[in-house]
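Below is one structure, written out as structure tokens; comments come after it.
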2 protein chains.
Amino acid sequence: MAQAGTVDRILDTAEVLFAQKGFAETSLRAITSKAGVNLAAVNYHFGSKEALIQAVFERFLTPFSLALDAKLDEMEASGIPDTPENVLGIVFRLALGTHPDDPQRAAIFFRLSGQAYSQPQGHLREYLHTHYGAVFARLQLHLHQAVPGVPPMELFWRVQFSLGAVIFTLSGMQSLQSISKADFNMDASTADITKRLLPFLVGGIQAEVPDQPLHKDK
Amino acid sequence: MAQAGTVDRILDTAEVLFAQKGFAETSLRAITSKAGVNLAAVNYHFGSKEALIQAVFERFLTPFSLALDAKLDEMEASGIPDTPENVLGIVFRLALGTHPDDPQRAAIFFRLSGQAYSQPQGHLREYLHTHYGAVFARLQLHLHQAVPGVPPMELFWRVQFSLGAVIFTLSGMQSLQSISKADFNMDASTADITKRLLPFLVGGIQAEVPDQPLHKDK
DNA sequence: TGTACATCAGTGAACGCGCGTTCACTGATGTAC
DNA sequence: TGTACATCAGTGAACGCGCGTTCACTGATGTAC
């Protein structure tokens, strides 16, 4: 990968920097200088910073969604039951990838996912919905079967809450790790944190839905 | 408030814009033009944008932490038990304030809290720890008594996860509301969402802690 | 009471900086005849 | 085989823009003598 082409070097570097600092906070100058390519190369190959972001998404999400589809096939074929642990566990293991100790990978995945939702302009979200909406819907269906007592809309929001917990935590990892170290004298790897996250999210997603109406509906 | 002084007009406007778009995304020109004051007035009265952010925090958090202290006094005096619902409920009601239908207020509170943690430079976090660390520690103590089975460090992380769920959701409210409307044909107010959040967070915080060691410890 | 000076809120214009983007250009490789 | 042209990856420098900040300045109010 040291001698990879310009396009791949840009994508490799951009992926890491975007995950570490976010899209807006990562300048093209930072990417190109770290990648050892000319500043103008990004606009030459991708057309714009926005298009580079989209390309990073595509290169990352395409293999992920294929793997997720395969895992769900496998799950259905072998009769593994739909429980919140199983469904979320699949996503987490895929997000951590084959290198569960690589602190970057899960952060990249969830941070990219999160940016897609919080992006004010819709085009990125629209792109993702078009290309990856089917897998996401399939995942949500399994989750719904795992917690049939939670109405779809409630589940929609709980998935958002979960995404928020994951993204916020992984985004602020550096700060949080130093607090964790100061208060408890203990380091915390990404793998540790995702293992702490799973029970928390499962507890939240399968929580009982209060049956009183939500708000002033007599 | 229409005829308030320059300093208050800046603070009022900055608070709203910071909550809507975040600190980095809100320019001094946006604040001063909306507030109807001169651009240079911010640096004249506060010294820098960073100091303005700190002033917004102070004006918001001082009454909040006083009210929280009072509520915890009240709770202890009247013998209301420490349950996750009660402890989180207090925070939520205070964050929503006296106007539970004001979509801004909760967003301001949680977004400000969140920025304090995710800020890469420590000075803002240090400032908050000095001025509001005591109330926060008291809150965490009550939460610990509400879920005695969860070790302190696990609880620390679960509070982070909760913060993340709240902040991420409220930050992306505009986007999420349009998705919610498109998929379920239903509007969602901030008050609705905080009501959905409470059971989710309670479920997550009181989830059982897996007793197997976390990672490769034999 | 009048005058000189100090203080202070507020202003308009400019400064330097980093940003994404653009543009004219180079040099290597492929293709047509 | 040689020559003219086309294509394309990559480059260095500049562009315009919005940003936070700075600076000289104004005008009103207070204070000293």
Side-chain angles (χ1 to χ4, degrees), chain A residues 1-59 112 115-116 118-124 127, chain B residues 1-59 112 115-116 118-124 127:
Chain A
M1 198 159 292
Q3 282 303 90
T6 303
V7 170
D8 285 323
R9 286 225 302 286
I10 292 172
L11 285 172
D12 288 339
T13 311
E15 185 178 273
V16 171
L17 291 181
F18 283 156
Q20 279 177 351
K21 321 208 297 168
F23 298 135
E25 293 74 18
T26 303
S27 69
L28 294 187
R29 281 167 177 81
I31 295 170
T32 52
S33 71
K34 196 177 176 199
V37 304
N38 187 276
L39 167 64
V42 170
N43 281 275
Y44 175 74
H45 286 290
F46 298 95
S48 66
K49 187 184 182 181
E50 184 67 39
L52 169 63
I53 293 174
Q54 192 157 310
V56 168
F57 267 77
E58 183 170 353
R59 200 182 64 146
L112 289 182
Q115 294 271 359
S118 50
Q119 210 74 329
Q121 330 89 308
H123 49 81
L124 188 55
Y127 165 83
Chain B
M1 198 158 292
Q3 281 303 90
T6 303
V7 171
D8 284 323
R9 286 225 303 286
I10 292 172
L11 286 171
D12 288 338
T13 312
E15 184 179 275
V16 172
L17 290 181
F18 283 156
Q20 280 176 353
K21 321 208 296 169
F23 299 136
E25 292 75 17
T26 303
S27 70
L28 294 187
R29 280 167 178 81
I31 294 170
T32 52
S33 71
K34 195 175 175 201
V37 303
N38 187 275
L39 166 64
V42 170
N43 281 275
Y44 175 74
H45 286 290
F46 298 95
S48 67
K49 186 184 182 182
E50 185 67 39
L52 169 63
I53 294 174
Q54 192 156 310
V56 169
F57 267 79
E58 184 171 352
R59 200 182 63 148
L112 290 181
Q115 295 272 357
S118 50
Q119 211 72 326
Q121 329 89 308
H123 48 81
L124 188 54
Y127 165 82

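Chain letters run A, B, ... following the sequence lines, proteins first and then strands; every chain starts at 1.
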Item to complete: Give the dot-bracket string for DNA chain D, reading 5' to 3', where a pair is Watson-Crick or G-U wobble with both distances under 3.5 Å, ( ) marks pairs inside the strand, [ ] marks pairs crossing earlier ones, | marks a partner on another strand, and . marks unpaired.
Response: .||||||||||||||||||||||||||||||||
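A straight line from CD1 of I31(A) to P of dC19(C) spans 11 Å, rounded to a whole angstrom. What separates NZ of K49(B) from P of dG20(D) is a distance of 4 Å, to the nearest Å. Taking atom CD of E25(B) as the reference point, atom P of dC19(D) lies 12 Å away to the nearest angstrom. Remark: P of dA13(C) and CG of L28(B) are 19 Å apart, rounded to the nearest angstrom. In this structure, CG of N38(B) is placed 17 Å from P of dC25(D), rounded to the nearest angstrom. Taking atom CG on L52(A) and atom C1' on dC19(C), their separation rounds to 15 Å, with Å as the unit. Nucleotide dG10(D) holds its P atom 8 Å from the CD1 atom of I10(A), rounded to whole Å.
Remark: N43(A) is not in phosphate contact with dG20(C), judged by side-chain N or O atoms under 4.0 Å from OP1 or OP2. Under 4.0 angstrom from either OP1 or OP2 of dG10(C) there lies at least one side-chain N or O belonging to H45(B). Side-chain nitrogen and oxygen atoms of Y44(B) include at least one within less than 4.0 Å of the OP1 or OP2 phosphate oxygen of dA9(C). At dA9(C), none of the side-chain N or O atoms of T6(B) fall inside 4.0 Å of OP1 or OP2 (strictly under the cut-off).
Mapping L39(B) and G47(A) onto DNA chain C by nearest heavy atom places L39(B) closer to the 5' end of the strand.
Between F23(B) and F18(B), the ring planes lie perpendicular to each other; the angle is over 60°, past the 30° to 60° tilted range.
Contact annotation for T32(A): no contact, since no heavy-atom pair falls under 4.0 Å across all strands.
Pairing each heavy atom of A35(B) with each of T13(B), the nearest pair is CB-OG1, 3.3 Å.
For the pair N43(A)/L52(A), no side-chain contact is recorded, criterion being any heavy-atom separation below 4.5 Å from C-beta on. For the pair I31(A) and L28(A), the minimum side-chain heavy-atom distance is below 4.5 Å.
Here the nucleotide nearest the side chain of S27(B), chosen from dG10(D), dT22(D), dC19(D), is dC19(D). Set against dC19(D), dG10(C), dT22(D), the side chain of A40(B) has dT22(D) as its closest nucleotide.
If you run side-chain contact (heavy atoms from CB on, under 4.5 Å) between F46(B) and each of V56(B), I53(B), I10(B), only I10(B) comes through.
Distance check, rounded to the nearest 0.5 Å: OG1 of T32(B) to NZ of K34(B) gives 12.5 Å.
Counting atom types as modelled, R29(B) pairs no side-chain N or O with a base atom of dG18(D) as donor and acceptor under 3.5 Å.
With respect to the salt-bridge test (charged N to carboxylate O, under 4.0 angstrom), the residues R59(A) and D12(A) qualify.
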